[in-house]
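Read through the structure below, which is laid out as structure tokens, and then see the notes.
What you see below is based on every heavy atom in this structure, not just the backbone, and it leaves out hydrogens, waters and symmetry mates.
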Amino acid sequence: MHTAIPRTTAISPTIEESEVPGSEASQPHLRFVVKYREAAKRKQKVFEKVEEAIQFARAKNPNFYRDLIRDIEAQASAHTLLECTNRLNAYGKTIKDATDFFVQHLTATEKSCTVAELVDEFVAAKQKEGASNFDLDDLRSHLPIFGKRFDGDPVGTITSTQIDDWLRSLNVSIVTRNHYRRLIMLAFNFAVQRGYTNSNPVLGRFVVSRAV
């Protein structure tokens, strides 16, 4: 049985694992075969230890180990690419689709702000728009509580699940909970307009129950 260890270039030495019988047929052990060229002839040398095989291969080609590492890295990259491609294919998507989506997400995250900063900016914008004192007081009394919960988190990283879980954790009536949701949805609409996030994570539905 011959199982190839990652190969280098065609002109470089290669190492192969070979399973051979030991002192007892039921106890095989490995030997390592270095295949190389010398004076235009194909040759090979067998070693008991892989370290010895690598040392000999490097004596034949000083770049052998560097080539081996580069080959291993190339194989790992190819394996990762194949795995990601297959996983995306299950959803009808490509590597380019995933790259475009992730780059868009990173761009939005870099331009993002924290929830607390969003709340301050949103309230200030509403004040400039001439919102009533009642509406401004409403925003100032509810949104900072949300901002405190996600203090320091970039707006672009907050998910609908996080918001929904927080809303359900509030010890308030369903009416009040849905009021929080409406105000948070307005704040995230503002965030989308300012480019702080690509989409509004607040679902367009009401909380109809509270977690027990």
Side-chain angles (χ1 to χ4, degrees), residues 73-212:
E73 291 175 345
Q75 290 186 28
S77 296
H79 177 76
T80 300
L81 178 62
L82 179 61
E83 180 185 3
C84 292
T85 299
N86 290 337
R87 291 173 65 184
L88 288 167
N89 282 343
Y91 296 92
K93 300 297 181 181
T94 66
I95 291 291
K96 185 178 185 305
D97 293 330
T99 301
D100 291 343
F101 177 83
F102 193 55
V103 169
Q104 186 181 32
H105 169 75
L106 291 175
T107 301
T109 301
E110 288 179 351
K111 293 167 54 180
S112 191
C113 62
T114 66
V115 176
E117 291 170 339
L118 172 64
V119 170
D120 291 341
E121 191 173 337
F122 178 56
V123 173
K126 285 297 181 183
Q127 188 172 14
K128 288 182 180 179
E129 291 174 3
S132 67
N133 289 332
F134 176 83
D135 288 338
L136 291 174
D137 288 342
D138 187 30
L139 294 173
R140 290 180 181 130
S141 64
H142 289 89
L143 287 180
I145 299 174
F146 174 70
K148 184 177 180 180
R149 162 60 183 83
F150 294 95
D151 184 33
D153 293 347
V155 169
T157 65
I158 297 175
T159 67
S160 59
T161 300
Q162 289 177 308
I163 294 173
D164 193 61
D165 287 345
W166 179 77
L167 287 169
R168 291 177 183 277
S169 72
L170 297 176
N171 188 25
V172 297
S173 69
I174 293 175
V175 173
T176 301
R177 186 175 298 107
N178 286 328
H179 185 62
Y180 268 107
R181 177 181 291 277
R182 186 182 69 83
L183 296 180
I184 295 170
M185 184 165 55
L186 292 175
F188 271 94
N189 283 339
F190 177 78
V192 172
Q193 294 171 2
R194 291 298 178 95
Y196 299 147
T197 183
N198 292 324
S199 60
N200 191 331
V202 183
L203 303 179
R205 62 177 175 78
F206 293 116
V207 177
V208 295
S209 64
R210 181 175 61 193
V212 178

Heavy-atom check, side chain of T159 versus side chain of P201, under 4.5 Å | no
Nearest non-hydrogen partners of T157 and Q162, listed with the distance = O-OE1, 3.8 Å
When you look at F188 and Y196, which way does the side chain to side chain contact (heavy atoms under 4.5 Å, CB included) test go after all the steps?
-> CA-CA 9 Å; F188 271 94; Y196 299 147; over 6 Å; no
CG of L136 to CD of E129, rounded to nearest 0.5 Å, is 10.0 Å
Check whether any side-chain heavy atom of S160 sits under 4.5 Å from a side-chain heavy atom of V202, and report yes or no.
-> no
Is the backbone N or O of V172 less than 3.5 Å from a side-chain atom of T176, with the two atoms forming a donor-acceptor pair by type?
-> no
Heavy-atom donor-acceptor pair, E117 side chain to T114 backbone, under 3.5 Å = yes
Check the pair I184, W166 against side chain to side chain contact (heavy atoms under 4.5 Å, CB included), reporting the backbone distance first and the verdict last.
-> CA-CA 12 Å; I184 295 170; W166 179 77; 3.7 Å; yes
Starting at CZ of R140, measure out to CD1 of I145 and round the result to the nearest 0.5 Å.
-> 14.5 Å
Nearest heavy-atom approach of G147 to V115 is CA-CG1, 3.5 Å
Measure across H179 and D138 and return the closest heavy-atom pair with its distance rounded to 0.1 Å.
-> NE2-OD2, 2.8 Å
Residue pair S199 / V192: nearest heavy atoms and the distance that separates them = C-CG2, 3.6 Å
Kindly determine whether I95 and T85 satisfy side chain to side chain contact (heavy atoms under 4.5 Å, CB included), including the steps that lead there.
-> CA-CA 6 Å; I95 291 291; T85 299; 3.6 Å; yes
So, for A187 and L143, which heavy atoms are closest and what is the spacing to 0.1 Å?
-> CB-CD1, 4.4 Å
Using the side-chain hydrogen bond (donor to acceptor under 3.5 Å, both in side chains) rule, collect all pairs that involve residues 86-96, keeping only residues at least two apart or in two chains.
-> T94-D97, K96-D100
Under the 3.5 angstrom rule, does the side chain of N189 hit a backbone N or O of N200 as a donor-acceptor pair?
-> no
Is there a side chain to side chain contact (heavy atoms under 4.5 Å, CB included) between K126 and D135 once you walk through the steps?
-> CA-CA 9 Å; K126 285 297 181 183; D135 288 338; over 6 Å; no
When rounded to the nearest 0.5 angstrom, what distance separates NE2 in H142 from OH in Y180?
-> 4.5 Å
Closest non-hydrogen contact found for R177 with L167 is NE-O, 2.6 Å
Side chains of F146 and L183: does their closest heavy-atom pair fall under 4.5 Å?
-> no
